[in-house]
Amino acid sequence: MTYRCLLQMVLLLCFSTTALSRNYSLLRFRQRSDTVCQKLLLQLPSTPQHCLEVRMDFQVPEEMKQAQQLRREDAVLVIYEMLQQIFGILTRDFSSTGWSETVIEDLLVELQGQIDHLEPIQKETMQKKNFTTGDMTVPHLKKYYFNLVQYLLSKDYNSCAWAAVRAEMLRNFSFLKSLTGYLRD
């Protein structure tokens, strides 16, 4: 277990769920590990030249391109869904890629930490139904990630398909970084 993970667990224990759900600045600070996730993804081999022809546009939902219009409650729902979906994709068969299992494990630990930090506020938002567009964006996100998984399946999880999905995930973490910036008190 990395030092960062231990620190995150200690911080999580120090703050109650109620405090988390009321302090978006703290949540925003904790979600800054999007940069860590990007760095981990960049440690994986990049797209080989022969794979460039199999890349495709996976049609990121329009709401993601206009993140500044989301309220913080909506942003939490969107961030939570994106992290869950990315986590799910990374638990699939990537054996054909030659990727480092250690890097993937570190990435999954980072993602799980972010998901754990978001879960209390996501649950509270869902209970209060205190959102406007987030609930409409989530189905679009699910379709987008479903398309990523279908693409991997159609290519038998080959290294080129994974290279394309890795590029999409890097793009996703840029969106996540923008969304996290909107979590203000």
Once side chain to side chain donor-acceptor pair (under 3.5 Å) is applied, do any residues pair with [X], and if so which ones, sequence neighbours excluded?
X	result
Glu81	Gln85
Asp156	none
Ser96	none
Gln150	none

Taking all non-hydrogen atoms of both residues, which atom of [X] and which atom of [Y] are closest, and how far apart?
X	Y	answer
Leu44	Arg166	O-NH2, 3.3 Å
Leu90	Ile104	O-CG2, 4.0 Å
His140	Pro61	O-CG, 3.7 Å

Measuring from atom [atom1] of [X] to atom [atom2] of [Y], what distance do you get when rounded to the nearest 0.5 angstrom?
X	Y	atom1	atom2	result
Phe94	Ser159	CZ	OG	13.5 Å
Leu111	Met82	CG	CE	11.0 Å
Leu179	Ile79	CG	CD1	5.0 Å
Gln84	Gln112	CD	CD	7.5 Å

Suppose we screen for side-chain contact (heavy atoms from CB on, under 4.5 Å). Which residues come up paired with Ser174, at least two apart in sequence or across chains? Gln38
Tell me every residue that passes side-chain contact (heavy atoms from CB on, under 4.5 Å) with Ser100, counting only those two or more places apart in sequence or in another chain. Thr102, Val103
Any donor and acceptor pair, going by atom type alone, linking the side chain of Asn147 with main-chain N or O of Tyr144 inside 3.5 Å? no
Does Trp162 use its side chain to pair, donor to acceptor, with the backbone of Asp93 at less than 3.5 Å? yes
Are Phe146 and Phe87 connected, step by step, through hydrophobic side chains (Ile, Leu, Val, Met, Phe, Trp, Tyr) whose heavy atoms are closer than 4.5 Å? no
Applying a strict under-4.5 Å side-chain criterion to I, L, V, M, F, W and Y, I'd like to know whether Leu42 and Ile86 cluster together. yes
Please report whether the ring centroid of Phe58 lies less than 6.0 Å from that of Tyr151. yes
Got Val60 and Glu168 here, is their nearest side-chain heavy-atom distance under 4.5 Å? yes
With a 4.5 Å cut-off on side-chain heavy atoms, are Trp99 and Leu107 touching? no
Going through the distances and angles, do Ile89 and Val165 end up as a side-chain contact (heavy atoms from CB on, under 4.5 Å)? CA-CA 9 Å; Ile89 288 172; Val165 169; 4.0 Å; yes
Take Met169 and Cys37, measure what side-chain contact (heavy atoms from CB on, under 4.5 Å) needs, and give me the verdict at the end. CA-CA 10 Å; Met169 287 185 194; Cys37 292; over 6 Å; no
